[in-house]
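Notes to accompany the following structure.
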Amino acid sequence: MKQIYLDNAATTQMRPEALEAMMPHLTEAYGNASSIYPLGEEAAATLAEARRTVAQAINADDREVYFTSGGSESDNWALIATAEAYESKGRHIVTSAIEHHAILHTAEYLEKRGFEITYVPVDEFGIVSPAALEAAMRPDTILVSIMFANNEIGTVEPLAELAKIAHAHGALFHTDAVQAFGHLPIDVKEMGIDMLSASAHKIYGPKGTGLLYMRKGVRSKAFIHGGQQERGLRAGTENVAGIVGFAKATELALAEQAEEAARLCELRDYAIERIEREIPHSRLNGHRRERLPNNVNFSFEFIEGEGMLLQLAFKGVSASSGSACTSGSLDPSHVLLAIGLPHEIAHGSLRLTLGRDTTREDVDYTIDALKGTIENLRAMSPLYEDFLKDQKKAS
Ligand SMILES: *Cc1c(COP(=O)(O)O)cnc(C)c1O
């Protein structure tokens with residue numbers, strides 16, 4: 001059976017060039033970058049080169065990039081270590097209601113340690129308005145953390161404007177750019193970003209590797225204690241192979257970015273148009289233009305997301321629902337609730353995230369499968385039956 005992977009926001013398949021670049025470092029080039037003999041020096045030089053590649057990708061200095069184990073660690077570091085380094089200045093942090101759990105759960109952790117967190121609401125498209133951020137700022141705000149682009153509904157935030165507001169109030173600005181890094185142009189200097197999180201496995205690199213960018217001058221406590229790796233802030237022997245794969249994936253993502261983004265935007269809009277035209281009672285979630293090139297997110301009335309995912313999987317389509325059902329909870333997604341969807345509609349949501357191997361044929365197959373799936377589920381839905389009865393009465 002045809003297999004179509006449309007969950008590239010969850011993870012991506014590593015590209016062969018990244019694996020090829022990694023191989024020597026998993027085999028003969030196994031040195032520890034802290035050692036002084038040639039095998040160690042070779043590893044140190046490899047790390048330095050990789051650091052230059054990823055730093056250049058966001059217009060940062062090499063010394064402003066710290067390698068981590070991925071997006072979650074970078075988000076934890078940005079919030080926790082900054083909170084500790086600046087707590088004499090204030091104990092208030094601002095973030096948004098639609099952040100990834102790596103931010104939200106870290107914020108909750110800090111709340112238990114005596115920090116105050118304000119969760120800025122978003123509008124119906126998932127945008128954090130500059131006015132809403134302005135209203136949340138206080139004299140004791142030390143940090144603002146707003147994601148670059150949302151992983152569920154694809155909304156791209158007005159980052160430069162938001163950073164300006166943070167700075168006007170003397171706070172630092174961090175962004176979880178895991179969904180944007182490599183996919184959208186990023187210039188940390190031009191956009192006023194003080195800290196940024198990115199992850200390799202969202203850009204066709206290996207899992208377990210990421211980075212935290214920290215502008216020169218930003219204070220940070222050590223996040224992992226031990227050796228002197230990562231300028232003494234993140235101890236532990238470096239994952240040289242993973243970092244090399246990350247750098248290779250970054251280099252290629254940048255070289256292909258403009259062309260691939262244009263291709264994906266066209267496919268994305270084609271998918272959105274077909275769904276809106278062919279599936280009644282559907283609603284696009286997120287912003288129509290300020291949107292990641294690969295993100296399609298819809299709610300379908302009168303159905304339940306879990307059933308939709310299972311039927312799609314049965315037809316060979318791997319997708320994800322907007323809800324957290326899959327993690328064992330029946331709560332609908334905090335992101336869909338934050339944009340104002342009622343519970344029952346948030347439950348019937350679907351996220352399709354396209355990737356570098358997605359073709360128009362894949363999109364057509366998926367939407368054909370989706371149409372059948374939704375018809376099936378609605379035929380069994382008591383909610384839909386009630387709706388049809390009401391409609392009949394009204395006419
Ligand atoms: C995937 C993701 C993360 C987590 O990154 P990992 O490398 O898997 O830890 C954090 N934030 C966003 C927005 C993500 O999409």
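Remember, predicted model here, so these are calculated numbers, not experimental data.
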So, taking the atom named [atom1] in [X] and the one named [atom2] in [Y], what distance separates them when rounded to the nearest 0.5 Å?
X    : Y    : atom1 : atom2 : answer
R268 : N295 : CZ    : CG    : 8.5 Å
T68  : L233 : OG1   : CG    : 12.5 Å
L337 : H343 : CG    : NE2   : 4.5 Å
I345 : S299 : CD1   : OG    : 7.0 Å
I243 : H25  : CD1   : NE2   : 10.5 Å
I279 : I374 : CD1   : CD1   : 4.0 Å

Are side-chain N/O atoms of [X] and [Y] paired as donor and acceptor at under 3.5 Å?
X    : Y    : answer
T118 : H92  : yes
T155 : H287 : no
W77  : S220 : yes
K202 : T11  : no
H167 : D194 : yes

Could [X] and [Y] be called an ion pair, given the rule that one side-chain N must be under 4.0 Å from one carboxylate O?
X    : Y    : answer
K371 : E278 : yes
R288 : D269 : no
E161 : K164 : no
D62  : R51  : no
D7   : R351 : yes
R219 : E84  : no
E49  : R52  : no
E64  : R231 : no
D140 : R138 : yes

**Report entry** H201 ring center near F246 ring center (under 6.0 Å)
**Finding:**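 Centroid separation for H201 and F246: 6.0 Å or greater.
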
Report task. Output, in order, the C-alpha distance, side-chain angles, deciding distance and verdict of side-chain hydrogen bond (donor to acceptor under 3.5 Å, both in side chains) for E152 and S333. Result -> CA-CA 9 Å; E152 285 189 38; S333 134; 2.7 Å; yes

Query raised in the report: Between Q228, E73, Q229, H225, which is the residue that forms a side-chain hydrogen bond (donor to acceptor under 3.5 Å, both in side chains) with R234?
Result: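 When Q228, E73, Q229, H225 are each tested with R234, the side-chain hydrogen bond (donor to acceptor under 3.5 Å, both in side chains) holds only for E73.
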
In this structure, are over 12 heavy atoms from other groups packed under 6.0 Å from [X] atom [atom1]?
X    : atom1 : value
I36  : CD1   : no
E108 : CD    : yes
R289 : CZ    : no
E111 : CD    : yes
E28  : CD    : yes
K207 : NZ    : yes
R113 : CZ    : no
E266 : CD    : no

Query raised in the report: Among V128, I142, T141, which residue meets the side chain to side chain contact (heavy atoms under 4.5 Å, CB included) test with V94?
Result: T141

Query raised in the report: Distance under 6.0 Å and angle within 45° of the ring axis: does R283 meet both against F298?
Result: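 No, cation not above the ring by the 6.0 Å, 45° rule.
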
Requested in this report: May I ask you to check if R378 and F302 form a cation-pi contact, with NZ or CZ under 6.0 angstrom from the six-membered ring centre and within 45° of the axis?
Outcome: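 The answer is no; the distance or angle limit is not met.
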
Query raised in the report: Looking only at heavy atoms, what is the nearest atom pair of P130 and I165, with distance?
Result: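 Heavy-atom minimum between the residues: O-CD1, 3.3 Å.
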
